[in-house]
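Report on one structure; see the data block that follows.
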Amino acid sequence: MQNSERGFTTEMKEVRTRFAPSPTGFMHVGNLRTALYEYLIARSLNGKFVLRIEDTDRERLVPGAENVIYDTLKQVGMTHDEGPDVGGPYGPYVQSQRKDIYLPYAQELVKNGKAYYCFCTKERLDSLSQADAFGGYDRHCRDLPQEEVDKLLQQGVPYVIRQKMPVTGATSFTDAVYGEITIENTELEDQILIKSDGYPTYNFANVIDDHLMHITHVVRGCEYLTSTPKYNLLYEAFGWEVPTYVHLPMIMGRNEDGSVSKLSKRHGATGFADLVSDGYLPQAIINYIALLGWCSKDNREVFTLQELEAHFSIDGISKSQSVFDYDKLTWLNGEYLRAMSPEAFTSLAMPGYRQVFPQTELDWALLSSILQPRVTKLNQIPDMIGFFKELPAYSAELFINKKSKTNLENSAVMLEAAIPVLEQLDTWTVECIHDALLALPEQLGVKNGTLLWPVRIAAAGMTVTPGGAIEILAILGKEEALRRLRAGLAKLKAENKE
RNA sequence: GGCUCGUUCGUCAAGUGGUUAAGACACCGCCCUUUCACGGCGGGUUCACGGGUUCGAAUCCCGUACGAGUCACCA
């Protein structure tokens with residue numbers, strides 16, 4: 001190779017990370033965060049981000065599930081430099097298409113005495129684990145005589161290939177997040193490398209592929225922390241360079257009793273697609289999960305993906321698990337919604353609008369102007385605007401409001417004053433309604449709220465509404481607005497008579 | 001149970017021997033105001049516990065407790 005000719009190569013090796021999901025058809029936010037950090041490490045270090053599909057578990061294959069992975073990455077804007085769909089120099093990028101690569105490597109290990117054939121039956125293994133709840137494989141086949149092995153192989157007895165772990169000593173490695181980790185070798189089981197169906201196990205395929213794909217930073221959840229020595233022993237057995245490990249703290253969910261456990265369905269939406277259909281924006285989701293377990297040097301919290309690429313660094317990753325906080329995600333989502341252009345907001349909100357008004361045309365821009373500062377999740381929209389379509393049945397009690405100094409009597413007076421003024425309006429716009437209505441309180445000697453409270457109640461039938469009385473009247477249109485006001489007045493009169 | 005890791009406000013977190021222990025979300029109060037929201041201002045005995053080391057410890061060491069992970073022909 002050219003490299004050796006240069007003698008001393010001081011140039012930095014290109015950073016390469018990989019996202020290696022299994023196509024299960026579901027993108028858990030924990031997985032997404034792992035992908036995000038892998039992506040950010042690569043981008044922040046001018047490296048490459050590769051996508052590899054790990055489908056070696058043939059029993060759990062979900063057809064078409066790969067698309068969920070592509071769609072998710074696309075929606076959040078994480079682009080991969082290499083992968084099944086875009087190709088690259090180290091393909092194929094789907095493990096099932098690499099099936100034939102692994103066995104020779106395992107056989108090489110067998111030849112070098114680092115691995116061995118194991119012919120144990122499922123039944124024998126099961127009886128083993130029953131005998132001792134926390135036992136492991138008893139290394140029954142580890143020292144089978146060669147001729148015995150050859151015989152069984154020849155007979156076609158099913159086998160697996162297991163890694164031969166050292167029985168004494170300890171294995172240490174340094175993790176970029178957790179520091180130095182040491183595990184006694186006696187803790188390490190002779191793990192299976194090649195399954196009896198000929199496919200490699202996840203652990204084995206991972207090491208082979210990461211090496212073949214020149215991955216420099218192995219980023220994954222910290223559930224792999226204690227099995228990392230097994231990986232390193234494999235790298236060493238092959239004489240390969242061990243990558244930098246970046247283990248990530250777990251994302252937890254809060255249980256009803258206050259305890260925490262690994263984030264799962266019972267805590268709420270945990271899939272990217274679920275969050276999106278709950279009304280969260282992909283950018284907000286990404287921004288939020290970036291913050292779960294990582295903190296910027298300057299403590300900033302709101303970041304676009306591009307900004308994250310510039311700010312991310314491994315030493316900002318935390319060691320301790322964090323609880324997924326839907327409240328904060330919701331807040332962040334609201335920030336994104338508010339930061340949008342009115343047009344962008346309207347087009348995002350339109351499905352919600354159409355859910356309530358499939359045919360009708362409204363002043364969408366005006367509707368958006370009152371909704372945009374208030375919506376924190378897109379799926380709140382239908383509920384928020386339902387009253388425009390149909391006036392809810394409401395109690396006259398709603399007209400009574402201490403702060404606005406309204407009661408059943410003066411509310412009737414206010415509506416009685418407002419209705420004729422509004423009837424005379426030729427142009428039904430926020431501005432005209434505003435001017436017409438706000439001339440009244442002064443004439444009547446009351447504060448604005450005293451007039452506007454009953455108007456809003458009559459127009460909306462609810463105490464809490466997006467927007468004020470004037471906007472609501474404008475959106476309703478003159479005819480419907482006046483109909484509601486008159487109905488409100490009638491209600492008050494009926495009430496006052498009693 | 002063995003092993004590994006972790007523990008700063010309810011939550012996310014800054015902090016690397018000397019700070020009045022930041023900030024954000026949530027919560028509460030006030031202001032703004034046409035309700036709500038937005039925005040502004042303010043509020044809360046937060047360093048798990050116990051021992052050390054040190055003039056001085058959230059920061060270093062040891063133990064305890066609690067939490068999590070792991071111990072598959074799953075990934």
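We name chains A, B, ... by the order of the sequence lines, and we start the count at 1 in each one. Bear in mind the structure is a predicted one, so any value in this text is a computation, not a measurement. Reckoned from all heavy atoms, side chains included, excluding hydrogens, waters and symmetry mates.
Residue A:Met462 is out of contact with every strand shown, counting any heavy-atom pair closer than 4.0 Å. Across all strands shown, A:Glu223 has heavy atoms under 4.0 Å from sugar-phosphate atoms exclusively, and none from any base. As judged by a 4.0 angstrom heavy-atom cut-off over every strand, A:Ile192 is placed among the base-contacting residues. Among the heavy atoms of the strands, none lies under 4.0 Å from A:Phe324. Among the protein residues, A:Glu187 comes within range of the nucleic acid bases, having at least one heavy atom under 4.0 Å from a base atom. Note on A:Asn299: a base of the nucleic acid sits closer than 4.0 angstrom, heavy atoms only. Within the nucleic acid shown, A:Arg254 comes within 4.0 Å of sugar-phosphate atoms alone, with no base atom in reach, counting heavy atoms only. Residue A:Ser22 is in sugar-phosphate contact alone, with no base atom involved, counting any heavy-atom pair closer than 4.0 Å across all strands shown.
Within residues 378-391 of chain A, no residue has any heavy atom closer than 4.0 Å to RNA chain B.
Annotation: B:G6 and B:A13 have their P atoms spaced 15 Å apart (nearest Å). For the P atom pair drawn from B:A37 and B:G69, the interatomic distance equals 38 Å after rounding to whole Å. With both ends at atom P, the span from B:C66 to B:C36 equals 47 Å, rounded to whole Å. Rounded to a whole angstrom, the distance from the P atom of B:C25 to that of B:G52 is 42 Å. When the P atom is compared between B:U59 and B:U7, the two are found 11 Å apart, to the nearest whole Å. The same atom, P, is picked in B:C62 and in B:U4; the two are 13 Å apart, to the nearest Å. Distance check on atom P: B:U8 versus B:G43 gives 24 Å, rounded to whole Å. Rounded to whole Å, the separation between the P atoms of B:C41 and B:G23 comes to 12 Å.
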Where along nucleotides 31-40 of chain B does protein come under 4.0 Å, by heavy atom, of base (B) or sugar-phosphate alone (S), with - for untouched nucleotides? --BBBBBSS-
Kindly list each side-chain donor-acceptor pair under 3.5 angstrom involving residues 337-344 of chain A, sequence neighbours excluded, with atom names and distances?
unit_1   : atom_1 : unit_2   : atom_2 : d
A:Arg338 : NH1    : A:Glu335 : OE2    : 2.8
A:Ser341 : OG     : A:Ala344 : N      : 3.0

Which donor-acceptor pairs under 3.5 Å do side chains of residues 20-29 of chain A form with protein atoms, sequence neighbours excluded?
unit_1  : atom_1 : unit_2   : atom_2 : d
A:Ser22 : OG     : A:Glu54  : O      : 3.1
A:Thr24 : OG1    : A:Phe26  : N      : 3.4
A:Thr24 : OG1    : A:Phe26  : O      : 3.2
A:His28 : ND1    : A:Gly30  : N      : 2.8
A:His28 : NE2    : A:Leu263 : O      : 3.0

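Between B:U4, B:A75, B:A13, one nucleotide has an atom nearer to the side chain of A:Leu225 than all others, and that is B:U4. Which of B:G69, B:G6, B:U11 sits closest to the side chain of A:Val323 comes down to B:U11. Proximity note for A:Asp325 (side chain, C-beta onward) versus B:U11, B:G67, B:A72: the nearest is B:U11. Looking at the side chain of A:Tyr178, the nearest of the listed nucleotides B:C5, B:A75, B:U7 is B:C5.
The existence of a salt bridge linking A:Lys328 and A:Glu301 is confirmed by a sub-4.0 Å separation between a basic side-chain nitrogen and an acidic carboxylate oxygen. Between A:Asp325 and A:Arg254 there is no salt bridge, since none of the side-chain N atoms of the basic residue sits less than 4.0 Å from a carboxylate O of the acidic one. Between A:Asp209 and A:Arg18 there is no salt bridge, since none of the side-chain N atoms of the basic residue sits less than 4.0 Å from a carboxylate O of the acidic one.
When the side chain to side chain contact (heavy atoms under 4.5 Å, CB included) test is applied to A:Thr450, the partners found at least two apart in sequence or on another chain are A:Lys405, A:Thr406, A:Asn410, A:Met414, A:Val446, A:Lys447. Shown here are the side chain to side chain donor-acceptor pair (under 3.5 Å) partners of A:Tyr336, two or more places apart in sequence or in another chain: A:Asn287.
Rounding to the nearest 0.5 angstrom, the gap separating the CZ atom in A:Phe324 from the CZ atom in A:Arg33 is 11.0 Å. In this structure, OG1 in A:Thr226 is found 9.5 Å from CD1 in A:Ile181, a value given to the nearest 0.5 Å. Atom-to-atom distance recorded for A:Leu371:CG and A:Ile385:CD1 is 6.5 Å, nearest 0.5 angstrom. In this structure, CZ on A:Phe173 lies 4.5 Å from CG on A:Leu225, to the nearest 0.5 angstrom.
Atom-to-atom, CG of A:Asn206 to C1' of B:C74 comes out at 13 Å; the value is rounded to the nearest Å. Atoms CD (A:Glu184) and P (B:C3) sit 9 Å apart, rounded to a whole Å. Atoms CE (A:Met252) and C1' (B:A68) sit 5 Å apart, rounded to a whole Å. For the pair A:Leu248 CG and B:C5 C1', the interatomic distance rounds to 14 Å; values are reported in whole Å. Put simply, OH on A:Tyr280 is 16 Å from P on B:C25, counting in whole angstrom units. Atom CG of A:Asp190 is separated from atom C1' of B:C73 by 14 Å (rounded to the nearest Å). Taking atom CG of residue A:Asn31 and atom P of nucleotide B:C74, one finds them 18 Å apart after rounding to whole Å. A straight line from CG of A:Asn203 to P of B:U70 spans 12 Å, rounded to a whole angstrom.
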Between A:Glu307 and A:Arg300, is the salt bridge (charged side-chain N to carboxylate O under 4.0 Å, His left out) condition met? List the steps. CA-CA 11 Å; A:Glu307 289 164 341; A:Arg300 185 173 149 190; 2.8 Å; yes
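Residue order along RNA chain B, read from the 5' end via each residue's closest nucleotide, puts A:Leu292 first among A:Tyr224 and A:Leu292. Between A:Val160 and A:Pro249, the residue anchored closer to the 5' end of RNA chain B is A:Pro249, taking for each the nucleotide with the nearest heavy atom.
Nucleotide B:C66 forms a pair with B:G6, judged by Watson-Crick or G-U wobble geometry with both contacts under 3.5 Å. The nucleotide B:G1 finds its pairing partner in B:C71, both defining distances of the Watson-Crick or G-U wobble pair being shorter than 3.5 Å. Remark: B:C30 base-pairs with B:G40. Criterion, Watson-Crick or G-U wobble with two distances under 3.5 Å. Here B:A24 sits opposite B:U11 as a Watson-Crick or G-U wobble pair (both hydrogen-bonding atom distances under 3.5 Å). Across all strands shown, B:A57 forms no Watson-Crick or G-U wobble pair with both distances under 3.5 Å.
The side chain of A:Lys195 places an N or O atom within less than 4.0 Å of a non-bridging phosphate oxygen (OP1 or OP2) of B:A75.
Judged by atom type and distance alone, A:Lys328 reaches the base of B:A24 through a side-chain donor-acceptor pair under 3.5 Å.
The local environment of CD in A:Gln155 is crowded, with over 12 non-hydrogen atoms from other residues, nucleotides or ligands closer than 6.0 Å.
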